[in-house]
There are 2 protein chains.
Amino acid sequence: MDLDTVRTFVTAADAGRFQAAAAELAVSQQAVSKRIAALERGLGTRLFTRTARGARLTIDGQAFLPHARELLRVAERAEASVRPGRRPLRVDVIASRIAPSGLMRAFHRAHPEIDLDVVMLFDVGTAVAALRSGTIDASFRAVAMPGRPLPEDIESVRVLDEPLQLLTGPTHALAVARSVTVAQLAGHRIWMPGIVPGTEWAAYYDDLGAEFGLTIEATGPNFGSDALLDTVADTPALATLMSEQTRLVWPAGHDLRRIPVIGPTPVYPHSLLWHRDNPHPALVTLRAHLTAVRATAADTGDTWTPGWVTPR
Amino acid sequence: MDLDTVRTFVTAADAGRFQAAAAELAVSQQAVSKRIAALERGLGTRLFTRTARGARLTIDGQAFLPHARELLRVAERAEASVRPGRRPLRVDVIASRIAPSGLMRAFHRAHPEIDLDVVMLFDVGTAVAALRSGTIDASFRAVAMPGRPLPEDIESVRVLDEPLQLLTGPTHALAVARSVTVAQLAGHRIWMPGIVPGTEWAAYYDDLGAEFGLTIEATGPNFGSDALLDTVADTPALATLMSEQTRLVWPAGHDLRRIPVIGPTPVYPHSLLWHRDNPHPALVTLRAHLTAVRATAADTGDTWTPGWVTPR
DNA sequence: CTACGGACACAACCATCCGTTGTGGTCTAC
DNA sequence: GTAGACCACAACGGATGGTTGTGTCCGTAG
């Protein structure tokens, strides 16, 4: 199926006559006839009844028409998503299963009229470069990497502190605890697959491990959260850290435990980054939305972040 | 933009390598390379960064990918809408701005998992023929035309009585009434454009006019509800009948009046029609839904329908 | 009844597009 | 350094799609 053909179908359906559709599309009447015939051949159905006064939709044609319109709308949005100038607001999130992704979903619910695109970049350095080149409009990141301050033309505001919880299988030594302190985690293996070395995310866990003497393994390939949960559930000596807001597809029968970490609670500090001169109108709306959400969030008290993190 | 090209893009993005995508699509690696290059040329953006270990998405490519997937989903639904066997439930409604259309919207809200297509056929005769041929699965119609009983293989159930109101401009003689009786309408011109002679809809208004001595003009072309409202608002001697449930785009400054009609209230009797042997699984759900809605609707009391209408 | 005009389909021709095979360049791993 | 993996470029052939010219059907005017 070709989109030009679909467009021809919609035009012909609206005009009611192939000739008029041909004029509108600036092609010959015979071309319209051939396109419609090809579409009908491809679908295996007759879409128009041809009469001497024009062409009327068959019942199949009527059923197909709204889908055809939708197809053209989606195609238009797809093209717009990469069109320079007036394209949708493009936001970088660190991963799909942690808080910024949820913030963007909430923003979309609050402002469904704003077109959004979400991408996932490698690290804060890549994000800053993309912000400066105008390839993205905003980025949720922990700023900044140790020893690497943000450039002057990049602005940022802390938008969310995401508390981490311990996730264990039922046979883990800490599985029965109502809560654990960070100090209690020392000596226990904590497995964080999917954390790519060299990113600010890895720097966070490096700092967390160093400060409290934890054994955090960021190695190994990431086979997805299913594989992670399977392994954690089956391995008594293994646990992982996870946002308390993460909504997982909870596997049945694994009996996993989520245990709050206290004294202090490690929180992952998400900031919104944007370029000082970015003119995208929706960026203002996004910043206002996040500020409003931030104001309503209660302070969680005794928390920990790395020393290189910009204070709130 | 061509859907095969989009499909190639999605396959290549998922595979991460053009060769693997080519194998999956059963074409040569060079064909994939050319298709992607053509897509990039058409969009004016680079979608992949080519490396010796494969091809990774650029930021533009990441932004485009979900739109591309959506495009393929919509295309699949579009094809399914005319595929014989296992196609969406196809329902005929009499017009988009009266009650059955609202019933279908409510059904869609209650069962979003059921794929629906809505068409509008000429009259109950056409609908019955389409039901018997399997082209549609259900039809909202007033059954039956006078003297023309439904065939034995078509079943029906009364699902909704739609009360009619009088719609007038501010200078109409009845504009200030809180309600009017049908008898009071005698002698006033009532204009119903868009009612096609020969349909069961026209038969309803013929009967209504004959029984109460009304002057109902079903003539003239239908230029849409905007034109109807404009004319009614500006013409003191003209009124029209309209469902009380109709949600109009209410023109500003026209000061139109909706006046209930009583003693008795004319109601338009909508029934659901379907073929006795139709095996579509969603048809059962639709009938159950309508029966449930029907049970919760209060009886409106003193109403009128033509004598040829199947009793409730 | 006939002639005309409007509207769509079919046929032939031609340009362009698309896919294939063959080849080259580049990066990585050993 | 060399082999392997991967993608791009070039050349060729078939298919696709557009145009012009023509045919057929139908409704209408005279």
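Here the structure is a predicted model, which means the values were calculated and not measured. In what follows, every heavy atom counts, from backbone to side chain, and hydrogens, waters and symmetry copies are set aside. By convention in this document, chain letters (A, B, ...) are assigned in the order of the sequence lines, proteins followed by strands, and residues within each chain are numbered from 1.
With hydrogens and angles ignored, a donor-acceptor pair under 3.5 angstrom links the side chain of Gln30(A) to the base of dG21(D).
Residue Phe18(A) has its side chain nearest to dA9(C) when only dA5(D), dA7(C), dA9(C) are considered. The side chain of Ser33(B) has dA8(D) as its nearest neighbour among dA8(D), dC7(D), dA9(C). The side chain of Ser28(A) approaches dT19(D) more closely than any other nucleotide in the set dC8(C), dT19(D), dC6(D). Among the nucleotides dC18(C), dA7(C), dC7(D), the one closest to the side chain of Gln19(A) is dA7(C). Nearest to the side-chain atoms of Lys34(B) among the listed nucleotides dA7(C), dC18(C), dA8(D) stands dC18(C).
Nucleic acid contact for Val32(B): none, since no nucleic acid atom lies under 4.0 Å from a heavy atom of the residue. Within 4.0 Å of Ala55(A), counting heavy atoms only, lie sugar-phosphate atoms of the nucleic acid but no base atom.
Under 4.0 angstrom from either OP1 or OP2 of dC27(C) there lies no side-chain N or O belonging to Thr51(B). Contact check, Arg53(B) against dT26(C): no side-chain N or O comes under 4.0 Å of OP1 or OP2. In terms of phosphate contacts, Arg50(A) brings no side-chain nitrogen or oxygen within less than 4.0 Å of OP1 or OP2 of dC26(D).
Atom P of nucleotide dC17(C) and atom CG of Leu39(B) are separated by 16 Å, given to the nearest angstrom. Leu47(B) has its CG atom 16 Å from the C1' atom of dA8(D), to the nearest Å. Rounding to whole angstrom units, CZ of residue Arg17(A) and P of dC25(D) are separated by 22 Å.
A residue-by-residue look at Ala52(A) and Asp2(A) shows that Asp2(A) has its nearest nucleotide of DNA chain D further toward the 5' end.
Within the 3.5 Å criterion, the main-chain N or O of Ala127(A) finds no donor-acceptor partner in the side chain of Asp92(A).
Under 3.5 Å, the side chains of Arg46(A) and Thr58(A) contain no donor-acceptor pair of N or O atoms.
Under the side-chain contact (heavy atoms from CB on, under 4.5 Å) rule, Ile136(B) has a single partner from Thr126(B), Asp117(B), Val91(B), Leu131(B), which is Leu131(B).
Evaluation of the ring pair (Phe, Tyr, Trp, His ring centres under 6.0 Å) test over residues 9-36 of chain A, restricted to residues two or more places apart or in two chains, returns Phe9(A)-Phe48(A), Phe9(A)-Phe64(A), Phe18(A)-Phe48(A).
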